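A short worksheet on the structure shown next.
Any value given below was found using the heavy atoms of this structure, including those in side chains, with hydrogens, waters and symmetry copies removed. As the structure is a prediction and not an experimental result, all values here were calculated from the model. Sequence positions, counted from 1, serve as the residue numbers for this chain.
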Amino acid sequence: MEALDIASDVVRDAYNRQGSVRGLLYDVRERCPNERVWRRAYAVAMEASKYAVALWDLLGDEGRGDGVFQGRDEWEGNEGVILVQLYERLFGGKGTGTEGQLGHRLGMDWNEMVNKVVKRAEEKYGGLDQLREFVHGNELTRWRYARVNALRGADDDQIVQELAGAGYVLSESTVQESHETPKTCWKDSEVPHLYRFHFEADLFHLHLVRDCKLIIQDKGSCFAALAMDPDPSWTIVDACAAPGSKTLHLADLLHRRNSNGHIRKAIFALDKDARRVEILRARVQEAKALSWVSVAQGDFLNLPSKSERMVQRADAEAKALSWVSVAQGDFLNLPSKSERMVQRADAILLDPSCSGSGLSSRNDVALTDAAERKSRLESLSNFQRQILRRALLLEKARRVVYSTCSVFREENEDVVRDILQDRDVLDARW
């Protein structure tokens, strides 16, 4: 599969609420012919998805007699191709030979579609430049972030020097200025070792990113590990770990804090989806965390005995060079023997499945009708209550971090409020 085909499939599945754009991209990573194709697909899908709501609005504005999508039921299932091709033609400056064949099959003219979108963008926003500013005009979509990975031996001085060699200018300003360009970057003032880049910065072409000395990670995603404030003496369970950004951040923090040179406890990174575990394993290897990480499969609620034995080894062998054990399994379904091992955890990181409504890449959330959203939030919050309750009842746990990328109260304040009123949780000293 080529990059635009992969990007189209991912955007289509996100539009049809099969997952987040980023999560779906990591799901298909192993199917890509090479890393270059995947990185190109990643960049296109992430950017095209940000324009999905605006382009859909321009394509099929309700109340317009000439709506491009009116009577086009045969286009169903091709939403991703249409959005990606439109994004590429309007903003990417590129196209492929596949859109002509698709247009013929679906009975559409790409030039006619593009012209209508441009005309409507002029009517509604004042032009394509104004549409771009509208889409990228808030803090959630304007910036991109990358974190220094000490596991690869990188430090801030080296990163700044190599960024300068790649043409980037480190700005000391704390506010946006008119002269800033896609080659301007900033050191974040709140998250240590995190750098902020212009939304048009092509980070995937940086050797620092390809070598995993810089790890692309949303700023919001960094706060979970910082809130954990991990101690190298702890055993930590990351119960919903894939695709692994928070796991690697925890490992980076432990590595930086490991002043005596001896590893005393492990991070046990757990996910019940076998494909996502493989993605996590690949990311651990890329980040050069394998000297700190052993990888397997398990479910926080139902760990197989093999995964449990891995937890035992990670907990018992202080001399083993492993910060992280990765397993596939269900946190809510642990067998009794595995249960006893997980009960030894000093700290639990919970980043469970959620609506993703706080992610700029989750345009599927904005397109969900009210009734469907309510039903989905009920299902998600029930699971979130289960997994949070499970973590708080672990006997040795002294710290639990519950994190979502949702802006909905039902998945955040309501979940925490309900669990903290649970009698068993209260009896467990929380």
Let me confirm one number: the CG-CG distance from L83 to L55, rounded to the nearest 0.5 Å. 6.0 Å
Atom CZ of R210 and atom NE2 of H205: how far apart are they, to the nearest 0.5 Å? 7.0 Å
Please determine whether side chain to side chain donor-acceptor pair (under 3.5 Å) holds for the pair R385 and S381, giving the CA-CA distance in whole Å, both sets of side-chain angles, and the decisive distance to 0.1 Å. CA-CA 6 Å; R385 286 182 181 87; S381 62; 3.2 Å; yes
Does [X] use its side chain to pair, donor to acceptor, with the backbone of [Y] at less than 3.5 Å?
{"X": "D271", "Y": "V277", "value": "no"}
{"X": "D252", "Y": "N149", "value": "no"}
{"X": "R152", "Y": "D211", "value": "yes"}
{"X": "K183", "Y": "H198", "value": "no"}
{"X": "N382", "Y": "E378", "value": "yes"}
{"X": "S379", "Y": "R376", "value": "no"}
{"X": "Q384", "Y": "S353", "value": "yes"}
{"X": "W38", "Y": "L25", "value": "yes"}
{"X": "S357", "Y": "V407", "value": "yes"}
{"X": "D422", "Y": "D418", "value": "no"}

Within the supplied structure, the quantity of interest is the number of heavy atoms (other residues, nucleotides, ligands) at a distance under 6.0 Å from R417 CZ; does it exceed 12? yes
Can you establish whether the number of heavy atoms outside Q161 located under 6.0 Å from its atom CD is more than 12? no
Derivation and outcome, side chain to side chain donor-acceptor pair (under 3.5 Å), residues H255 and N258: CA-CA 5 Å; H255 177 74; N258 188 35; over 6 Å; no
Pair [X] + [Y], salt bridge at N-O below 4.0 Å:
{"X": "R40", "Y": "E88", "answer": "yes"}
{"X": "K187", "Y": "D156", "answer": "yes"}
{"X": "R275", "Y": "E278", "answer": "no"}
{"X": "R257", "Y": "D231", "answer": "no"}
{"X": "E35", "Y": "R29", "answer": "yes"}
{"X": "R283", "Y": "E286", "answer": "no"}
{"X": "R389", "Y": "D424", "answer": "yes"}
{"X": "E47", "Y": "R132", "answer": "no"}

Minimum-distance pair of heavy atoms, taken over all atoms of [X] and [Y]:
{"X": "I236", "Y": "P230", "value": "CD1-CB, 3.6 Å"}
{"X": "L388", "Y": "L350", "value": "CA-CD1, 3.6 Å"}
{"X": "I279", "Y": "P243", "value": "CG2-CB, 4.1 Å"}
{"X": "Y168", "Y": "L206", "value": "CE1-CD2, 3.6 Å"}
{"X": "S233", "Y": "D346", "value": "O-OD2, 4.3 Å"}
{"X": "A225", "Y": "L253", "value": "O-CD1, 3.6 Å"}

Side chain to side chain donor-acceptor pair (under 3.5 Å) between T404 and D351: does it pass, once the steps are laid out? CA-CA 6 Å; T404 76; D351 184 41; over 6 Å; no
Y42 and F204 aromatic ring geometry - parallel, tilted or perpendicular at 30°/60° bounds: perpendicular
Taking the ring of Y145 and the ring of W186, is the distance between their centroids below 6.0 Å? no
Positive for salt bridge (Lys or Arg N to Asp or Glu O under 4.0 Å) with D218, one of R144, R22, K246, R147: R22
side-chain contact (heavy atoms from CB on, under 4.5 Å) assessment of S355 paired with F408: CA-CA 8 Å; S355 65; F408 294 129; 3.5 Å; yes
